[in-house]
Number of protein chains: 2
Amino acid sequence: MKNDPFRASFESLEEFADMVSEVLHCPITIEDANHRLLAYSTHDDRTDPARIATIIGRRVPEKVINSLWKEGVIPSLLNSRDPIRVKTVDEIGLGNRVAVSIWKNDEVLGFIWALEIEKTLGEEEMDCLKRAADATKNKLIQLQNRKNKKEEQFQEFFWQLLTSHLSSNEEIINKFHALQISPPTLFGIAVFQFTKELGRDDEKHIAYLLKTIQLPKILLHTIDHQQLILFISLDGTQQPVNKLNAFCELFVAKMKERFGIESIVQGYSSVYCDLVKVEKAYKEAGTVLSIKRKFPIEAKDIHGYQSLGIYKYIDVLIEKAGTDQNENYSLKRLQEYDKKNNTDLVETLEVFLNKDSNVHEAACALNVHTNTLNYRLKRISEIGEINLKDPNQKITLYLDLKLEKFK
Amino acid sequence: MKNDPFRASFESLEEFADMVSEVLHCPITIEDANHRLLAYSTHDDRTDPARIATIIGRRVPEKVINSLWKEGVIPSLLNSRDPIRVKTVDEIGLGNRVAVSIWKNDEVLGFIWALEIEKTLGEEEMDCLKRAADATKNKLIQLQNRKNKKEEQFQEFFWQLLTSHLSSNEEIINKFHALQISPPTLFGIAVFQFTKELGRDDEKHIAYLLKTIQLPKILLHTIDHQQLILFISLDGTQQPVNKLNAFCELFVAKMKERFGIESIVQGYSSVYCDLVKVEKAYKEAGTVLSIKRKFPIEAKDIHGYQSLGIYKYIDVLIEKAGTDQNENYSLKRLQEYDKKNNTDLVETLEVFLNKDSNVHEAACALNVHTNTLNYRLKRISEIGEINLKDPNQKITLYLDLKLEKFK
DNA sequence: GAACGTTTTGTGTAAATCCACAAATAGAAT
DNA sequence: ATTCTATTTGTGGATTTACACAAAACGTTC
C-alpha cells in the first residue's frame, strides 16, 4: 500500500479539501449529512453550475438533492462506503462526478464530491477518495459535537417560546440574536402527528428533510413524543398562508416518498408577527389536529387554523343545537320525502352545497345530468321551501347538515 | 213622515232581510262589521256572482273587500251614515248596488247591501234603506254581546296554550272542539310588535283585518301591550312556511294601507303539528323579534324562525369569537389593504357574499362594471389568500363579517 | 298490462360567467 | 412633469347557466 497523503494532520477542512483536490487533480466539495457545504477546494477553477450554486448558497440546491434522490444516488451513498459515480444531469447543471460518504460507525456524517472535469478518476483514485473520506471523519465528529451543543440551546429556546416562558418581545428578539438566528417578522407553527413515537432514526430523517427543503425557512424544530413541532419563518413570502400550506403538504409527501413514513397528520397555526404569540400559535395547530381527529373525513384537506372555517365554531354550534333541539324544518321535510319516495334530495343538496353551488361540478360528483340536478334543486326548494339564492339559508343548511353528522 | 214598515218587531235577521227586500224590490244582504254574512233575503232570486260567493262562503270574498277599499266605498261607509251607491266592478262579479252602514253611537256594527238589478233605487228608497239600517241596530248589539262572551273564552284558551297551561294533546283538542274550532294539524304563531300600546280602536282595526284576510285561517288572536299574537292554522297548505311569510307581509302592508299604522315588526315561529308546542312556538316568534331588535338592518327581511339562519346561532358565535379573540386573517389583510390603498375590498367581498356569489347582482349593487368586480375578487383572493370556490371559507368570511359588525 | 305520476335525460335559446387582453384612468413616487 | 403601478372599463369568445319543453324511463297502483 502506498503512502497515504491524508495521514498528515490538517488545520481546517478547507485546507484538507485543497489537498485532496491536488492529489486527484479535480475540484473537491465536502458536505455534511444534510448537504450543507462544509468546505471546497479553491486551487482548481474548473467547475459546473451545480457546484457554483452550492458554494454560493452554502448548501446543495433543493432541486439537485431531489434529482440525486430520484436517481438513487443518495440512497446508494447512505448504503455503501464505496465511491459512486454520478453521470451528468443537464437540467440541473450537474456534471460528471464521483461521491463518497463519510462514516462514523453506522452513521453517515457527510459526503465528499469530486468533479470529473476533463478527466475520469481511475480505480486507484477512487480508492484514494475513500481514504480521504475516512480521514475527514474526526473533523466532522468535532463539528457535530459543536452543533449538538448548539442544537440543545435551540431546543431549550424553542420550548421556552412554546410555553410562553419568555414574555416580552424584546427578550425574545435578544435571544434570537444570541443564537445567531435573525428573528422573523412573520411566522407560523406547524405540528405533524406521527403514528408512533419518534425514534433517533426518524429524528435524523426529519432533520435531513427540514434542512434540505429550503423554503420556507424552518428556524426551530423539536420533537415531542409522536409530534414534530416546527417554527417557520414566513418573511418575504407574498402569500404566507398558501406557502405554509404548500410546505406542509410537501413535507408529508417527501417523508413518504423518501422514508416510507405514512399517515402523518398535519396542522399549522395562523400567521403571526408578534413573537409572544408562539404559544397561541402552537395551540392553534393543536386545535387543527384535534378537529381532524373528530372529523377525519370532512377536515381531511384542512391543515391550517385559518381554513378550519366553520369547524372552528363547531363545538359551540353542536352545543347550541343540542340545547335548543330544533330540527331544521327544510331538512326534515326533505328527509321525509327521501324516505317516502326513495330519492336522494338531502344528499343532492349536500353535494351541491359542498361544491359551492356549482351545478356542473355537483352533477359530475353525483354522476347525473346537469338537468337532473337542476330538476332536483327545483324540487328541493319546493319541498324544503328553500330559496337557494339566499346565502343565509344556504349557510344554515350547510351548517345543519354538518351538525347532523355528529349528533 | 210616512209610516215606517221597520218599526214592527221581527224575530230574526233573515225575516227582516226578506221584509226589506220586499219593500225595496231588490235582494238584500246584511253583514257585520267584519263582512261576515249575517242574513240575506231569499224571496228574490235575481243576484250577481259577488253575492253568490258571499252567501256560499258566509262572508264577503277577500278580493271583493279589497276592491271596495280601493274604490273608497268602505272608507265612505265608515265615515257616513248615508247610503252609498257602488257601480259595477266586472272583474270581481260585482253588480250595481247600494250600501248603508249600521251604527251604534260612533261605531259601525255592520252593513246592509241592496242589489240594484233591473231597477235603480230612488231617493225615497235610499232613505228607506237608511231607516232599515237603524232598525237592525239592536239586533246587532245583541249578536255582538253574545260574540264578546265567546271572544273572552277564546282569549282565555289562547293564553292557556301560550303558557303551556294545557299539557296533553288530547286535552287541547277537546277544548278546541268545545269552542267549536276544528283543531289544526299544522300551525304557527305570529307576533306583531307595534310602536305603541294597542287601544280599543286598534283592536277593532286588527280584528277587522284578521277576519277579512281569508287564508291562512287565524284561529285565535290576542293582544298583549304592544304585541298582537296570532294562532294560525296552516292545514292544507302546500308550502306552509311560505304561506305564513306571505300572510305576515300582507298583514303589515294592509295595516299601513288601510289604517296608516306603520313600523310594525313581525316575527313568526316554526311550523308545528304538536299542539303542546304552542309555547315553544310563541317563544320562537319572540326570538325573531329580539334578533330584529339587535340586527335591524341585517334581519330586516327575516320574519320566520326558520329563516333566521345563522342569526339563530349568532349569540354563541359572538361569545366564542370574543373569548378566542382570533381575528380572521383574510379580513385583517383586506382591511389593512383597504386602509393603505383607499380601496373597498372588504365591502366588495361582503356585498358579493350577500348576493350569493352572483357577480352580476353584486356588481349592480356596488355600481361597478362586472369586470371591475371580477378584478377585485381576484385581488381579494390574492391578498386575503382566499379560495372563493370553497364554501367553508366563504361561510367563515360571511360569519366573521357579520360578527365583526356587532363587536 | 294500462294508466299514472315522478324522475331522468335530451334539445334549444337567451343570458351570464370566466377568461384573456387591451385601453383608459387615477394616484403616488420620483 | 413623468414614470410607475393599481384600478377601472371595454371587447371578444368559449363555457356554463337558467329555463322551457319534449321524450323517455321508472315505479306504483289498479
Side-chain angles (χ1 to χ4, degrees), chain A residues 236-239 330-391 393-394 397, chain B residues 236-239 242 330-391 393-394 397-398:
Chain A
T237 317
Q238 271 302 314
Q239 303 200 322
S330 303
L331 286 183
K332 205 182 88 192
R333 290 281 299 254
L334 291 176
Q335 276 156 356
E336 284 166 4
Y337 191 90
D338 274 355
K339 209 168 184 179
K340 205 171 166 186
N341 301 64
N342 234 23
T343 47
D344 307 300
L345 296 187
V346 174
E347 195 207 343
T348 302
L349 177 61
E350 185 172 8
V351 172
F352 176 70
L353 293 177
N354 281 338
K355 294 290 177 187
D356 194 39
S357 307
N358 184 312
V359 185
H360 189 240
E361 276 188 46
C364 289
L366 287 163
N367 283 318
V368 295
H369 195 275
T370 46
N371 282 358
T372 305
L373 180 55
N374 273 320
Y375 170 76
R376 286 193 194 167
L377 290 173
K378 211 182 98 199
R379 297 290 290 141
I380 286 170
S381 70
E382 283 168 8
I383 295 163
E385 297 184 61
I386 303 167
N387 174 6
L388 283 174
K389 305 241 160 147
D390 177 351
Q393 286 189 36
K394 289 206 301 189
L397 287 168
Chain B
T237 318
Q238 271 301 313
Q239 302 199 323
N242 289 346
S330 304
L331 287 183
K332 205 182 89 192
R333 289 281 300 252
L334 290 175
Q335 278 156 354
E336 284 167 4
Y337 191 90
D338 274 356
K339 209 169 185 180
K340 204 170 165 187
N341 301 63
N342 234 24
T343 47
D344 307 300
L345 296 187
V346 174
E347 196 207 343
T348 302
L349 177 61
E350 187 172 6
V351 171
F352 177 69
L353 292 177
N354 281 339
K355 294 291 177 188
D356 194 39
S357 309
N358 183 313
V359 185
H360 189 240
E361 276 188 44
C364 288
L366 287 164
N367 284 318
V368 294
H369 196 274
T370 48
N371 283 358
T372 304
L373 180 54
N374 273 320
Y375 171 76
R376 286 192 193 170
L377 290 174
K378 211 182 95 198
R379 297 289 291 140
I380 286 169
S381 70
E382 282 168 7
I383 294 164
E385 297 184 61
I386 304 166
N387 174 8
L388 283 174
K389 305 240 159 147
D390 177 351
Q393 286 189 36
K394 290 205 301 191
L397 287 168
Y398 186 88

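The shown structure was predicted, so the numbers you read here are calculated from the model rather than taken from an experiment. Each chain gets a letter, A, B and so on, in the order the sequences are listed, and its residues count up from 1.
Residue B:Asn374 contributes atom CG, which lies 16 Å from atom P of C:dC21 at whole-angstrom precision. Atom CD1 of A:Ile380 is separated from atom P of C:dT6 by 16 Å (rounded to the nearest Å). Counting to the nearest Å, the C1' atom of C:dG27 and the NZ atom of B:Lys340 are 15 Å from each other. To the nearest angstrom, P of C:dT17 lies 17 Å from NE2 of A:His360.
No donor-acceptor pair closer than 3.5 Å links the side chain of B:Gln335 to the backbone N or O of B:Val346. With hydrogens and angles disregarded, a donor-acceptor distance shorter than 3.5 Å links the side chain of A:Glu385 to the backbone of B:Asn242. Proximity of a side-chain donor or acceptor of A:Gln393 to a complementary backbone N or O of A:Asn387 within less than 3.5 Å is detected.
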Output a table of nitrogen or oxygen pairs between the protein and nucleotides 23-30 of chain D separated by less than 3.5 Å.
none

List every contact pair, protein side and nucleotides 3-10 of chain D side both N or O, where the distance is under 3.5 Å.
from   : atom 1 : to       : atom 2 : distance (Å)
D:dA6  : O3'    : B:Tyr337 : OH     : 3.3
D:dT7  : OP1    : B:Tyr337 : OH     : 2.6
D:dT7  : OP2    : B:Tyr337 : OH     : 3.4
D:dT7  : OP2    : B:Tyr375 : OH     : 2.8
D:dT7  : OP2    : B:Arg379 : NE     : 2.8
D:dT8  : OP1    : B:Arg376 : NH2    : 2.9
D:dT8  : OP2    : B:Arg376 : NE     : 3.2
D:dT9  : OP2    : B:His369 : N      : 3.4
D:dT9  : OP2    : B:Thr372 : OG1    : 2.6
D:dG10 : OP2    : B:His369 : NE2    : 3.4
D:dG10 : N7     : B:Asn371 : ND2    : 3.0
D:dG10 : O6     : B:Asn371 : ND2    : 3.1

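Taking a cutoff of 4.0 Å between a charged side-chain nitrogen and a carboxylate oxygen, B:Glu336 and B:Lys339 do not qualify as a salt bridge.
Distance check, rounded to the nearest 0.5 Å: CD of B:Glu350 to CG of B:Asp344 gives 12.0 Å. A distance of 11.5 Å separates CD of B:Glu382 from CG of B:Leu334, quoted to the nearest 0.5 Å.
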Kindly list each side-chain donor-acceptor pair under 3.5 angstrom involving residues 360-373 of chain A, sequence neighbours excluded, with atom names and distances?
from     : atom 1 : to       : atom 2 : distance (Å)
A:His369 : ND1    : A:Asn371 : N      : 2.9

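Dashed line: the shortest gap from a side-chain N or O of B:Asn342 to OP1 or OP2 of C:dA26 is not under 4.0 Å.
For the side-chain contact (heavy atoms from CB on, under 4.5 Å) test with A:Asn341, the passing option among A:Leu345, A:Asp338, A:Thr343 is A:Thr343; the others fail.
For B:Val359, the listed nucleotide lying nearest its side chain is C:dC18; candidates were D:dA18, C:dC18, C:dA16.
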